[in-house]
Amino acid sequence: MLLQIIATVFLLIALVKAWNKYHDKTFSLIESSLWTVLWLAVGIIFWQPEIASRLALFFGIGRGADLIIYVAVIVIVYLLFRLFVHVDKMDRQLTKLVRTVALQDEKKDRHTDSKL
Amino acid sequence: MSKVFVIIPAWNEVSRRNRLPIALEQLSLLPYFVIVVDDGSTDETARVAQKWAKVVRHAINRGQGAALVTGMQYALAQGADIIVHFDADGQMQPEDIARVIAPLETDPDLDVVLGSRFLGQTTQSVPWAKKYLLHQPALWLQRLTTGLKLTDVHNGFRAFRASAAARLDLQQDGMAHASEITYQIKKKNLRYQEVSVTIIYHEFGQGFGSGLRILRDLIIRKLIK
């Protein structure tokens, strides 16, 4: 009972944060809604763990906890992949920037040289 | 007389091997425009290279592939006719540049000349472990993935006609750029030819670890595509 109450408190704080971020334009409507769905799902599982068990049986998995772990792993791997893609893109943009600066600097040096 | 630009990517060459100044001094006697791309060195590489060559500086280290592309862009903007890739570690011979660009000057349909250690004359010995454990499988893998029948894989000695260099779209910043180049030669149907060059090993060049890293980079890029 205590654990569920603590979890609910954290949940509500997280929900409030998610919607604050929407209000100050950090999160889009979709992002805030997704987080809401996530936290509500977490809350439901905490208060009615049998739901996880029933879902698990529906998918042919032994325990509710197992189902949650499997889903979590898939989500994490997906997010990691997205992260990889993002970092790779940033890497390439950084190189483009460094190149632009390098060639600009070179042009500046040339002008300075020719002025001498 | 073609305008030949020699691009040399360099990173901390003075504190590590210090063969770059020797190469630059030799190159200064030859009729080429030498461009050293200092890839964010933290030592005196840029200052030393400036005595002999034009230096273009990356503010931070981005990788040999990135440095080559910067050098090539600069060369193309300067009206290069031929662009040569040359290593900073003293393994390549400046005299070989003439051999590598000769086919481009005689055959107007040729786009790329690739240096090879294993054509005709052999060079000073390649460390045997490298040759049989790394090189043969790599050759085979390259033929499989790019379809190019080359005798040497990852030989950094290359010469491009400017028009061919302009058609390259290289995205690999790290050492995987070598594989990307051969892949694009095949994909863009560039006419290529191999020429024998002498590579002198002063010490072990690429470690096994970096070979694995190259593989990893290529796989990640393939997955993302």
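In the text below, chain A, chain B and the rest are named by the order of the sequence lines, each starting its count at 1. The figures that follow rest on heavy atoms only: side chains count, while hydrogens, waters and symmetry mates do not.
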Using the rule given for side-chain contact (heavy atoms from CB on, under 4.5 Å), can you reason through B/L170 versus B/L68, listing the C-alpha separation, both sets of side-chain angles and the distance that settles it, and then say yes or no? CA-CA 9 Å; B/L170 300 176; B/L68 273 176; 5.9 Å; no
Between B/Q184 and B/D169 (side chain of the first, backbone of the second, donor and acceptor by atom type, cut-off under 3.5 Å), is there such a pair? yes
Which value, rounded to the nearest 0.5 Å, describes the distance between B/I101 atom CD1 and B/I97 atom CD1? 7.5 Å
Among residues 85-103 of chain A, which ones touch chain B with a heavy-atom distance under 4.5 Å? A/V85, A/D88, A/D91, A/R92, A/L94, A/T95, A/V98, A/R99, A/A102, A/L103
Pull out the residues in residues 25-54 of chain B that come under 4.5 Å of chain A, heavy atom to heavy atom, sorted by number. B/K54
Would you indicate whether A/W47, at its atom CH2, is surrounded by more than 12 heavy atoms from other residues, nucleotides or ligands within a distance under 6.0 Å? yes
So does B/D89 get a backbone contact from the side chain of B/D87, meaning a donor-acceptor N/O pair under 3.5 Å? no
Do any N or O atoms from the side chain of B/Q93 and from the backbone of B/Q91 form a donor-acceptor pair under 3.5 angstrom? yes
Is a donor on one side and an acceptor on the other found under 3.5 Å between the side chain of A/E106 and the backbone of A/Q104? no
Name the region of B/Q73, side chain, backbone, both or neither, that has any atom closer than 4.5 Å to a heavy atom of chain A. side chain
Is there any residue in residues 21-39 of chain A with a non-hydrogen atom under 4.5 Å from a non-hydrogen atom of chain B, and which ones are they? none
Heavy-atom pair with the smallest gap, counting every atom of B/I82 and B/A159: CG2-CB, 4.5 Å
If we define contacts as heavy-atom pairs under 4.5 Å, which of B/A59, B/A66, B/G63, B/A77 has the most with chain A? B/A66
I'd like to know if the side chain of B/Q172 reaches the main chain of B/E180, judged simply by a donor and an acceptor atom lying under 3.5 Å from each other, with no hydrogens or angles considered. no
Which atom pairs, donor and acceptor, lie under 3.5 Å between side-chain atoms of residues 56-80 of chain A and protein residues at least two apart or in another chain?
from: A/R63; atom 1: NH2; to: A/D66; atom 2: OD1; distance (Å): 3.1
from: A/Y78; atom 1: OH; to: A/R82; atom 2: NH1; distance (Å): 2.9

Between B/H58, B/R62, B/R57, who has the most heavy-atom pairs with chain A when the cutoff is under 4.5 Å? B/R62
Hey, could you give me the CD1/CD distance between B/I8 and B/E13, rounded to the nearest 0.5 Å? 9.5 Å
Starting at CG of B/D152, measure out to CZ of B/R117 and round the result to the nearest 0.5 Å. 4.0 Å
May I have the step-by-step check of side-chain contact (heavy atoms from CB on, under 4.5 Å) for B/I199 and B/M92, ending in yes or no? CA-CA 5 Å; B/I199 305 289; B/M92 296 180 180; 3.9 Å; yes
Verdict with supporting geometry, B/H85 and B/F160, side-chain contact (heavy atoms from CB on, under 4.5 Å): CA-CA 9 Å; B/H85 293 175; B/F160 292 85; 3.4 Å; yes
